[in-house]
Amino acid sequence: VKGFCYGSDCYGVSALGRCPRCALGERMARMSEAAFEVMDVARGEFDSGELLALWERSVRATHHFVSEADVVAMRPEVTGGLAFVEHVAVARELLQGGERGRVLGFAGAHEGNLEMLFCDADVRGQGVGRALLRHAVAAWGVATVDVNEQNGQAVGFYEHEGFAVTGRDALDSEGRPYPILRMALRG
């Protein structure tokens with residue numbers, strides 16, 4: 001998906017490098033690294049090693065509460081999660097001439113729940129996560145997400161994107177001491 005715009009919030013950038021309908025697109029046009037497209041990928045059409053490395057860079061930049069031992073223990077869980085989910089999308093950098101560059105972020109969903117959304121540390125705040133989330137909602141019907149309570153930036157991001165807390169678990173799905181907030185799309 002390239003060049004979508006939802007009024008005041010830009011879904012991505014057009015082939016010209018900016019969205020003609022919103023100010024966010026103008027800001028993104030000034031940031032060459034923000035030129036990307038979101039696309040669904042089928043199993044076997046993505047490099048799970050590349051996505052795992054991106055996941056780890058993202059976690060190290062945003063999940064300061066996670067121990068080193070748990071980061072190591074989570075690696076096979078992420079690989080297994082990528083094999084489990086029914087939908088995967090990547091945000092891939094667009095280079096001059098329309099060539100595709102590196103993966104900037106990825107999302108995965110299963111049965112309407114966003115199971116994973118991670119952006120490379122160096123592109124945080126540039127619309128990649130927002131584009132992936134909006135794609136997941138529009139294309140896959142995502143309406144729920146579980147978020148680490150200790151990741152205040154992620155909680156704020158999802159609240160800003162229209163999600164509200166509906167519940168809390170004291171432990172994560174593997175029994176680790178990382179409380180999880182259950183969130184659902186409002187309205």
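R186 is linked by a side-chain hydrogen bond (donor to acceptor under 3.5 Å, both in side chains) to nothing, counting only residues two or more places apart in sequence or in another chain. With sequence neighbours left out, the side chain to side chain contact (heavy atoms under 4.5 Å, CB included) criterion links A53 to R57. Looking at residues two or more places apart in sequence or on another chain, you find no side-chain hydrogen bond (donor to acceptor under 3.5 Å, both in side chains) involving T79. The side chain to side chain contact (heavy atoms under 4.5 Å, CB included) test applied to Q150 returns F65, Y178, P179, not counting sequence neighbours.
The two atoms that bring F36 and G127 nearest to each other are CZ-O, 3.6 Å, heavy atoms only. Residues L117 and G129 share a closest heavy-atom pair of CD1-O, 3.7 Å. Summarising the geometry of V85 relative to A109, their closest heavy-atom pair is CB-O, 3.4 Å, with the distance given to 0.1 Å. The minimum heavy-atom distance linking C119 with V128 is given by the pair SG-CG1, 3.8 Å. Shortest non-hydrogen contact noted between V72 and P76 is O-CD, 3.6 Å.
Within the 4.5 Å cutoff, no side-chain heavy atoms of V142 are placed close to those of E115. Using a 4.5 Å heavy-atom cutoff, the side chains of Y158 and L133 are in contact. Contact of the L181 side chain with the V155 side chain is registered, since non-hydrogen atoms from C-beta on lie closer than 4.5 Å. Residues H63 and N148 meet the side-chain proximity criterion, which asks for heavy atoms closer than 4.5 Å. Within the 4.5 Å cutoff, the side chain of L94 has no heavy atoms near those of the E99 side chain. Inter-residue side-chain proximity for Q126 and L104 is flagged as unmet; no heavy-atom pair is nearer than 4.5 Å. In this structure the side chain of L54 reaches within 4.5 angstrom of the side chain of V103, judged on heavy atoms.
V123 is not connected to L95 by any chain of hydrophobic side-chain contacts under 4.5 Å among Ile, Leu, Val, Met, Phe, Trp and Tyr, and they are in different clusters. Both V71 and F118 sit in one connected hydrophobic cluster of ILVMFWY residues. Membership requires side-chain heavy atoms under 4.5 Å apart, directly or through other members. When the side chains of ILVMFWY residues are joined at heavy-atom separations under 4.5 Å, either directly or via intervening members, V147 and V137 end up in a single hydrophobic cluster.
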- In sequence, state the C-alpha distance, the side-chain angles, and the governing distance for E56 and R75, and then conclude on salt bridge (Lys or Arg N to Asp or Glu O under 4.0 Å). CA-CA 8 Å; E56 189 163 338; R75 288 178 189 147; 2.8 Å; yes
- Assess whether side-chain contact (heavy atoms from CB on, under 4.5 Å) is satisfied between F106 and L82, documenting all intermediate values. CA-CA 10 Å; F106 70 93; L82 285 165; 4.0 Å; yes
- Before giving the answer on side-chain contact (heavy atoms from CB on, under 4.5 Å), spell out for D146 and L114 the whole-Å C-alpha distance, their side-chain angles and the decisive distance to 0.1 Å. CA-CA 8 Å; D146 296 340; L114 186 66; over 6 Å; no
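Inspection of the N151 and Q153 side chains reveals no N or O donor paired with an N or O acceptor under 3.5 Å. No hydrogens or angles considered: a donor-acceptor pair under 3.5 Å links the side chains of D40 and H135.
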Just list the side-chain donor-acceptor pairs under 3.5 Å for residues 165-173, sequence neighbours left out, or say none.
unit_1, atom_1, unit_2, atom_2, d
T166, OG1, R182, O, 3.2
R168, NE, E149, OE1, 3.3
R168, NE, E149, OE2, 2.9
R168, NH2, E149, OE1, 2.9
D169, OD2, R182, NE, 2.9
D169, OD2, R182, NH2, 2.4
D172, OD1, E174, N, 2.9
D172, OD1, G175, N, 3.1
D172, OD1, R176, N, 2.8
D172, OD2, R176, NE, 2.9
D172, OD2, R176, NH2, 3.3

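Ion pairing between E68 and R60 holds under the 4.0 Å rule for side-chain N and carboxylate O. Between E37 and R92 no salt bridge is recorded (no basic side-chain N to carboxylate O distance below 4.0 Å).
Listed by first and then second residue, the side chain to side chain donor-acceptor pair (under 3.5 Å) pairs that reach into residues 44-55 come to none, sequence neighbours excluded.
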